[in-house]
Amino acid sequence: MLLAAVMVLLAGCGGGVGGDATTATEPATDATDVTTAAGGDSADQNGDAAAERTTVTFNGTWDQRYRTGQYYRYDIESPSIDGTATYEWEVVSATDDEVTVRTKLVTPNATSEQTVTAPPDEVYGELAGSPSGSVATLGFDSPYYSGVEGETLSVGDSWESSGPNGTVSFEVEALSTYAGLECAEFVVRTNGSVFWESCVTPESPLPGYVAFYEEEGDETPAFEMELVEYRSGN
C-alpha cells in the first residue's frame, strides 16, 4: 500500500510511524476544504485569469514525457520526521530511447540520492526499492490518478464508488497554483473521512501537492508533500 510504503521509507530516513493504509483504486462526493488543508497562501490562485478558470481538461491521458531539465522540489512534513524533509526529481537528459533521472530525498537525519539511466519505460523499475525513487510513485504511479484520466476536472465535480474498504468518494474543490504549476485540488474520502488530498494537472506527471491521513477521522495528515520549485523542461 502506498501510504505504508511512504511511512516505511520515512522511518528508514528519520524515524517512522506505524499502521496500515486504506487503498482505493477508483477515485470517486463529500470533501473538506482542500485549499485550506493544502497549506494557506501557497495554494492561492495566481492572477485574475487563473481565478476565472474552474476546469482542468485531461484530454484523454497524462503527459508522461520526460524532458531534459524537468525539475521538481518539494517540502515534506510528517509527524514521523523531526522537521522538514525535501525531495527532488530531475530529468538530467532525455531522448526517445534513453532517460537519465536524478532523485534525492533529504531528511534531518539522512540523505538518499539515486541517478539512473534507462529506456523511458524502465526508469521506475530501476528506481524501485530506493527511498528517493519510491517517493516518485506519488505522481506517476498513484492508484487514484487512473480514475480521473480522460475526465474534465471542474470545481464541484464528484464521484462515489463502493469497494472492499467501504465507500470511496472524490471531489474537485478548487484550482490552485504551486510554484507556478496550476492544478486541480481534489479530496478522496473513505467512509466519510479524508484519506488523500492532491493537486493534479495533465501537463505534469508529478502533483503540486499530496497529503495522506493514516487513520479514519484524523484531522492532521500523516504525510504532506508540497511543490516549492518547478521547471517544465525542454
Side-chain angles (χ1 to χ4, degrees), residues 1-17 21 39 42 62-78 80-146 178-181 183 196-212 221-234:
M1 296 182 184
L2 189 53
L3 175 55
V6 172
M7 292 298 100
V8 167
L9 76 87
L10 285 176
C13 290
V17 296
S42 295
W62 294 92
D63 181 357
Q64 295 193 10
R65 290 175 293 171
Y66 294 93
R67 298 179 176 87
T68 299
Q70 190 177 41
Y71 176 82
Y72 301 78
R73 182 169 63 87
Y74 295 87
D75 283 346
I76 295 176
E77 302 266 350
S78 172
S80 65
I81 57 176
D82 182 16
T84 299
T86 61
Y87 176 68
E88 294 178 81
W89 162 278
E90 181 181 16
V91 178
V92 179
S93 63
T95 66
D96 291 341
D97 300 320
E98 188 175 81
V99 179
T100 297
V101 172
R102 179 185 70 86
T103 62
K104 185 176 183 180
L105 176 65
V106 180
T107 75
N109 297 326
T111 297
S112 170
E113 185 168 9
Q114 186 176 15
T115 299
V116 301
T117 299
D121 60 351
E122 297 179 12
V123 168
Y124 279 91
E126 294 291 326
L127 288 171
S130 73
S132 60
S134 298
V135 174
T137 63
L138 296 171
F140 290 101
D141 295 337
S142 163
Y144 295 105
Y145 292 178
S146 62
Y178 294 86
L181 179 69
C183 48
W196 170 297
E197 303 174 56
S198 192
C199 195
V200 301
T201 171
E203 298 173 1
S204 169
L206 293 181
Y209 175 82
V210 168
F212 294 111
F223 176 90
E224 288 183 277
M225 190 168 83
E226 181 176 331
L227 185 65
V228 294
E229 186 176 352
Y230 166 71
R231 297 190 295 273
S232 61
N234 300 322

Go through the steps for Arg67 and Val91 under the test side-chain contact (heavy atoms from CB on, under 4.5 Å), then give the verdict.
CA-CA 6 Å; Arg67 298 179 176 87; Val91 178; 5.8 Å; no
Going through the distances and angles, do Asp75 and Thr86 end up as a side-chain contact (heavy atoms from CB on, under 4.5 Å)?
CA-CA 5 Å; Asp75 283 346; Thr86 61; 3.7 Å; yes
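Counting non-hydrogen atoms of neighbouring residues, nucleotides and ligands closer than 6.0 angstrom, the CG atom of Asp96 reaches no more than 12 such neighbours.
Closest approach of Pro120 to Thr95, counting heavy atoms only: CG-O, 4.2 Å. Contact record, Thr100 with Thr117: OG1-OG1, 2.8 Å, taken as the closest heavy-atom pair.
Side chain of Ser198 to backbone of Tyr209: a donor-acceptor contact under 3.5 angstrom is found. Side chain of Thr68 to main chain of Ala94: a donor-acceptor pair is present (N/O by atom type, distance under 3.5 Å, no hydrogens or angles). When atom types are taken as modelled, the side chain of Tyr74 and the backbone of Pro207 share a donor-acceptor pair closer than 3.5 angstrom. For the pair Thr84 (side chain) and Glu77 (backbone), a donor-acceptor distance under 3.5 Å is absent.
Side-chain contact of Glu88 with Tyr71: a donor-acceptor pair under 3.5 Å is present, judged by distance alone.
With values rounded to the nearest 0.5 angstrom, Glu197 atom CD is found 13.5 Å from Met225 atom CE. With rounding to the nearest 0.5 angstrom, the OG1 atom of Thr201 is 12.0 Å from the CG atom of Leu206. Here the CG-CD distance, from Leu105 to Glu113, works out to 10.5 Å after rounding to the nearest 0.5 Å. Atom-to-atom distance recorded for Ser112:OG and Lys104:NZ is 10.5 Å, nearest 0.5 angstrom. We find the CD-CZ distance between Glu90 and Arg73 to be 12.0 Å, quoted to the nearest 0.5 Å.
Ring pair Trp196/Phe212: centre-to-centre distance below 6.0 Å.
In this structure, the side chain to side chain donor-acceptor pair (under 3.5 Å) partners of Tyr72, at least two apart in sequence or on a different chain, are Ser204.
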